[in-house]
Chemist: 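Attaching a single structure in structure tokens format; questions to follow.
Everything numeric here is computed off the predicted structure, so don't read it as measured data. Lettering follows sequence order; numbering is per chain, from 1.
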Number of protein chains: 2
Amino acid sequence: MDVKTLCLGVLSRGDASGYEIKKACEEGPFSHFQDASFGSIYPALAKLSAEKLVDCHQMSQEKRPDKKVYSITPSGRTALFETLLLPPAPDKVNSDFYFMTFFAQLMPTDVLRSILEKRITWYEGVVERMKDCNLAIRPPGERFTHGLGLAHYRAEITYLKENMDQLLDQIASEQSADAEIPQAPKTAAL
Amino acid sequence: MDVKTLCLGVLSRGDASGYEIKKACEEGPFSHFQDASFGSIYPALAKLSAEKLVDCHQMSQEKRPDKKVYSITPSGRTALFETLLLPPAPDKVNSDFYFMTFFAQLMPTDVLRSILEKRITWYEGVVERMKDCNLAIRPPGERFTHGLGLAHYRAEITYLKENMDQLLDQIASEQSADAEIPQAPKTAAL
DNA sequence: AGGGACATGTAATTAGTTACATGATTGT
DNA sequence: ACAATCATGTAACTAATTACATGTCCCT
């Protein structure tokens, strides 16, 4: 989703500064399917402000730098509703991890094993942190999306655990056989 | 993965033209986790050619335009191996669909239902097409990645089917209750 | 004294997409 | 006649990232 709509989405849940919006995308509830950097968030908030889709009030804090807290306006909410009515763009998954596993047979088994284990550990941590958050207070869409993410991560962990040893074995045996038959096919099979 | 490495990956499986590389990303085995347009593929192939990582030979065809068929060179294979040894960049999932389900309670239930049903139908089609491809002839990494993709899609389909009616019901009842309590929280809960 | 969290913002750069330009052949 | 598939390539554009600039407080 474009950064402007992402900001409107975060602000629809309550007031926030640019810094806090970044955190919501990094660690918060949006971290699993959205991303944005300061270099895109601050200009997006400035534009939303100019379009009167958000209000901004400066906040002086003791022992902390001043911050600008943004609130969504009624027209901002309308803009968010309207975006939600548009057919969603197809998901764009760009995964180096999948690319690597696809070419697993070209990799040394120790590097491959390390990558697979890191992925499992990472996702197990994600699942643990997700289980800890209090969903009771959240609206149904958030709970649903949360459960969908969990289902996805759990399925990936299960598959990786059940199949990684077999993959590693197959590659180890193919790589020793490769010494005898070092031929690549001349035309790609789709 | 950057388009140059993606091209090397496709060419490592056999010779191909720019047009065929595009097809591999659109319909072929890379379609689930990679994307690239002509505007990035053709310049990438030109650069790879200049760096001698691929060879190019013109092919005249009857009743078809000429095509340029690219082959990966030994140094191209080395470059691909080396990229595969680098730690993979974290996955970048940018999903409008997840964003929408997150804000499901802001959407009319009929629009939401239609989006959920389209997603299920789309993924069921993907799974059907994936089941049909002959994996016996493919290397272990490709089989593994294929199974991982299938596991993910099946988990998502299962979750959507098991939870969408409940979500729709919850939203329908909340929306009628909203008429009585029209208050938004003032500060976001992460 | 050095790093990390807090806090905002701009400028340079990158990496891609979309649209355009061209043109034959095949199917409806 | 019109769209789709095959086929390559460039130019304009977009949307983002990264690096830079600035500064405080807190912890080790």
Chemist: Main chain of B/Ala172, side chain of B/Thr109: is a donor-acceptor contact present, judged purely on distance under 3.5 Å?
Modeler: no
Chemist: Distance check needed: C/dA19 C1' versus B/Tyr42 OH, whole Å only.
Modeler: 16 Å
Chemist: Taking OH from B/Tyr19 and C1' from C/dG23, how many angstroms apart are they, rounded to a whole number?
Modeler: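 The distance from OH of B/Tyr19 to C1' of C/dG23 comes to 14 Å, rounded to the nearest Å.
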Chemist: Is it true that a side-chain atom of A/Ser12 and a backbone atom of A/Gly9 form a donor plus acceptor pair closer than 3.5 Å?
Modeler: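 Between the backbone of A/Gly9 and the side chain of A/Ser12 there is a qualifying donor-acceptor contact (under 3.5 Å).
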Chemist: On DNA chain D, which is the earliest and which the latest nucleotide, 5' to 3', with an atom closer than 4.0 Å to a heavy atom of chain A?
Modeler: D/dA16 to D/dC26
Chemist: Determine yes or no for a side-chain-to-main-chain donor-acceptor pair under 3.5 angstrom, with B/Tyr159 supplying the side chain and A/Phe144 the backbone.
Modeler: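 Side chain of B/Tyr159 to backbone of A/Phe144, a donor-acceptor pair under 3.5 Å: yes, one is there.
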Chemist: For A/Ile41 and C/dT10, give me the distance from atom CD1 to atom C1', rounded to whole Å.
Modeler: 15 Å
Chemist: Please tell me if the side chains of A/Leu160 and A/Glu117 come closer than 4.5 Å, counting only heavy atoms from C-beta onward.
Modeler: no
Chemist: Using a 4.0 Å heavy-atom cut-off, does A/Gly18 contact any base of the nucleic acid, only the sugar-phosphate backbone, or nothing at all?
Modeler: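 Sugar-phosphate, backbone atoms only, no base.
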Chemist: Select from B/Lys92 and B/Pro65 the residue whose nearest nucleotide in DNA chain D is closer to the 5' end of that strand.
Modeler: B/Pro65
Chemist: Would you say B/Ser114's side chain and B/Asp110's backbone share a donor-acceptor pair under 3.5 angstrom?
Modeler: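 No: the side chain of B/Ser114 does not pair with the backbone of B/Asp110.
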Chemist: Indicate, with a heavy-atom threshold strictly under 4.0 Å, whether B/Ala36 touches base, sugar-phosphate, or nothing.
Modeler: sugar-phosphate
Chemist: Starting at CG of B/Asn94 and ending at P of C/dG16, how long is that distance when rounded to a whole Å?
Modeler: 15 Å
Chemist: Rounding to an integer number of Å, can you tell me how far B/Lys67 NZ sits from C/dG23 C1'?
Modeler: 17 Å
Chemist: Rounded to the nearest Å, what distance is computed from the CD atom of residue A/Glu20 to the P atom of nucleotide C/dA7?
Modeler: 6 Å
Chemist: Hey, any chance A/Leu86 and A/Leu84 share a hydrophobic cluster, counting ILVMFWY side chains that come within less than 4.5 Å of each other, even indirectly?
Modeler: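 No, no single cluster joins them.
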Chemist: Roughly, in whole Å, what's the span from NZ in A/Lys47 to P in C/dT10?
Modeler: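 One finds 11 Å between P of C/dT10 and NZ of A/Lys47, rounded.
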Chemist: Does OP1 or OP2 of C/dG16 have a side-chain N or O of B/Ser40 closer than 4.0 Å?
Modeler: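 B/Ser40 to C/dG16 OP1/OP2: no side-chain N or O under 4.0 Å.
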